[in-house]
Every structure is written in C-alpha cells, then in structure tokens.
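Structure first, then comments.
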Amino acid sequence: MNILQAKEEIKHTILAYLMKDEFGCYKIPEVRQRPVLLMGPPGIGKTAIMSQIAKECNIGLVSYTITHHTRQSAIGLPFILQKDYGGKAYSVTEYTMSEIIASVYEQIEKTGLKEGILFIDEINCVSETLAPTMLQFLQGKTFGNHKVPEGWIIAAAGNPPEYNKSVRPFDIVTLDRVKRIDIQEDFNVWKSYGYSHHIHGAVMTYLEIKKENFYCVEMTVDGKRFVTARGWEDLSEMMKAYESLNIPVTEAMIIQYVQHPKIARDFANYYDLYKKYETSYDVEALLSGNISEKMIRQIQEASFDEKVSVIGLMVSRLNEAFIEAYRIDRLTEYLYEKLKTLKSEISDNTDVARFMALLDQTASLAESERNLLEQRGQLDKDTGWVLHKANALLKDYVHCASLVDGSQWQDRFECVKVKFNETVSNREEIMEHTAKMLDCGFVFLEKAFGESQEMVIFLTELNTDSYCLKFIQDNGCEKYYQYNQSLLFGEKRREILNNISNMMM
C-alpha cells in the first residue's frame, strides 16, 4: 500500500470510529476501536499524513516520538497513598498522570477539539524498560493508570527491522489488537505531494528522470547509504533558501540531506545542468510568449533528458503561477465574505462609531482564525498566507476608513470598497497572466514537437499538479482540453507512454 492509500484507509477508520448513534454513543465501542499501526520505511511521510488527516477531519492531534521518552515521562512518577482494605491501612503506590496523556487534555483545552488522534512514532524502537508500557498502551489504551480520553484514537508508526537495529518485534497478542497497515514508498504518489508542497523544480524533474533514486537504503562496508522522501523535501527547502541568498548549492551541501554519495553526486551534476537550462532557455520569456526560432531548434536538437528538464522548468514556473492564482482567489473570496457579513450587521441608522467598531472587529477575525488553526496544528502554507494577507489588508481598510471625513458610515464604507476593488483588479490581472503563461507553454511545445511524447509529459505533469487542475477547472484552457483529449486517451496514449518509458530506462 502506498502512503496515499494508507491515508485514505486511516481517514475512513477514524470516520468509522467517531460515528455515533442516536444517543450520542460511539457505534463502535472503545474496546473494538483497534489502534492503527503503520509499518513502513523511515522518511516516507507517516507523520505528515497524520497532520493532514486531523485537519481534514477537524479533530485534534498530539504527536510524540516515543524513543525520546523515559519510563517516567510515559507512565508518570510514583507516589505513595494510604488506603484502607478490610479495616486495615496499607501504603499503595500510585502514579501521576503521564506527560503524554496530560498533553492530550491540554490540547483539548487549548483547541476546544474533544476528539483527536494520539500518534506515537517509532513505537517498536523503545528501550527495554518502556517495551511493556507500549504493549500495555496498544492493548489497553492506557499509559500507567491513566486511559486515553474517550474520542481520541490511537495511531502508531514503526520501522521494519531492516531499517533499524533497535526494533523490537510485537507478539501475536499485541498484533491481534491493532489494525496494521504496511506501506511502501511510491514516487508517483509523492510527486503530487511535491507540487502541492512547493518542492524545488530541480528535485521534481531529477526524480522524474531518475525515479530509482527517490528512495534507497543500502548497507555497504562503509555503513548505511540512504536517501528518503523526507531528505528530498528538506533539501528542497534549503536549496530555495540558498538560492534566495545567492549561496551556491554544492555537492557538499546536498550530501547532508541525500546521504548516498553516488546519488548526491548525480543530483549535484544534474542541478548544474538544470541551472544552465534555466538560463539558456529563459523560461520566463518563453512563458510570456517570446518564443524564438533559435529556442525551438535548440530544444528539438536536445537530448531526451534535456527536453524533460526544460519541461520541468516550465511546469515549475507554472506551478508558482498557479499557487499565486489560487492564493489571490482565496484571499479575494475571504475578504468578500467578511465585508458581506459586515454589511449585513449595519443599517441606515448605524452611526460612524458603531461602523468603525464592527470594521475593527472584522479586521481582528483573520488573526484570530490564524492563531486558532495554528494551535490546532491545522494551518497549511496557503491558508496561513491568505489569513496573514487578509489581516494586513483589513487593518489597512480600518486605517483608510478612519481618515474619511463625514458623519455617515456610507462614506467610510465606500473607501473600503475602493480598497477591496484593488484586490479584485489584482486578482483579474494574475488570472489573465497565468492563463497566458499556460497557453504559451502549449504553443512552445506545439511548435517544437506537435502531438508527441514531450507534449504528453507536459500534460501528465500538469495533471499531477492540484493547483493546475483547480485553475483550469475555474478558468478553462482550450489547448489543455484539446491535447488532453487527443493524447491522453486510447491507443495513442498507450503507444506514447510506452515510448517514454523505454527512453527513461
């Protein structure tokens, strides 16, 4: 099972576990709600999907890597109580609440979410003293004397023994009480994640050409050599930072993340070529419609890897444009809804002071929403950008309105409308520019190759990019529909994809 399939399976499990009857009781009793146990290689996104699931199900999330904990922090500290049994007093050992269970209650209080996921990572790599506690946790849903709160679902993850020498196998008694899901790495699934999480274009294009280098763990005489999905994503973030600072991206830096010398060296060489293609093809000019005959001949005579790299550069730049369009679209919609709500709360009799108080309250909502989502661990990059930008614009609306003379709120609201219309105009410009870039991309490949495998690669990458599909759904693109219909269906599609597969071997 790949990570996307695992995510859907876990999400379905959570929806089933949280389903209630007409009396408000969980339909599947707690004793039958098996903990979910994810088993798979390190660094493929087991922790990441838990955050995504919690956000999509609007439930809380508390995440722990259990190898960082001692027995005391997991089950609590002992203390002595006096209890009476049969009329005789005895000293009895009790335990304080586990730090982990306490964190669940703190999360409930902080976020207001009474249901959630308690995720324990590396559960089969605990120390010998903690191993019995983990078995008790999976079998009885307790840490020490304290149970996981009702409505909180247990999920855990572990690595197979070939990836970690400290792995402790679970016995049949424990495995018979969990819902085990085995997962494997899958580049095609990760590629979609890569576009949605803004992975560097050089990483995306390199792995499209060298899929076998996406995930690798090898034992050599010099020790383990490995590269993981997590390594590629972290490298991507550092590469973008280095480029912004005009710091060279070197093999020495790459190998700190891609801890496999041969693959690191190969990617470093590819990155140099990628930057060279970025300059020689001038993708920004190409997507603006400045397509020269020299550029057409250059790509026609290029090697297949070079063609794929240039297409990758085009898709990477388009992805940036699609993200910008998606964000400005959400921002405009968010501001419109807030101003619509504001308008519904005022009347002809509203005085200026009341109007300004309501406008100021509206401006503070974006920041409050952002803080709440951040506390819940549900704040993604796009939503964070939208709410941050909305907060700044709404504060600007307040400032603008406060400078208007007059005793009527309508005069001040008119000023706000003018400011909002600036955002609407900006949105229209971005949408038009993005549509033109996409159309120019098709025109370039059309002139260079016509209906060919290069066009299929371009279409396939666009179809993997969720931002692209959202843009086309909302704004349309005749050339996309044309080539998607003629090249990605039927016998022609199978023939072209088979040719591409042979060329990449």
Do you know which two heavy atoms are closest between Cys57 and Leu15, and how far apart they sit?
SG-CD2, 4.4 Å

If a pair satisfies side chain to side chain donor-acceptor pair (under 3.5 Å) and one of its residues is in residues 20-36, list it, with sequence neighbours excluded.
Tyr26-Glu115

Quick check: does any side chain N or O of Lys395 sit under 3.5 Å from a backbone N or O of Ser364, one acting as donor and the other as acceptor?
no

Please lay out, stage by stage, how Phe214 and Trp190 fare under the test ring pair (Phe, Tyr, Trp, His ring centres under 6.0 Å).
CA-CA 9 Å; Phe214 168 61; Trp190 187 83; 5.2 Å; yes

For residues 385-394, dump all side-chain donor-acceptor pairs below 3.5 Å to protein atoms at least two apart in sequence or in another chain.
none

Residues two or more places apart in sequence or in another chain: which of them pass side-chain hydrogen bond (donor to acceptor under 3.5 Å, both in side chains) with Lys114?
none

Side-chain donor-acceptor pairs of residues 39-50 under 3.5 Å, sequence neighbours excluded:
residue, atom, partner, partner atom, Å
Lys46, NZ, Gly40, O, 3.3
Lys46, NZ, Pro41, O, 2.7
Thr47, OG1, Asp121, OD2, 3.4

Applied to residues 309-350, the ring-ring contact (aromatic ring centres under 6.0 Å, His included) test, sequence neighbours excluded, yields Phe322-Phe471, Tyr326-Tyr467

For Arg427, enumerate each residue passing the side-chain hydrogen bond (donor to acceptor under 3.5 Å, both in side chains) test, keeping only those at least two apart in sequence or located in another chain.
Asp329

Quick check on the 6.0 Å ring-centre criterion: do Phe442 and Phe458 meet it?
yes

Got Ile311 and Val308 here, is their nearest side-chain heavy-atom distance under 4.5 Å?
no

OG1/Thr423 to CG/Leu335 distance, rounded to the nearest 0.5 angstrom?
5.5 Å

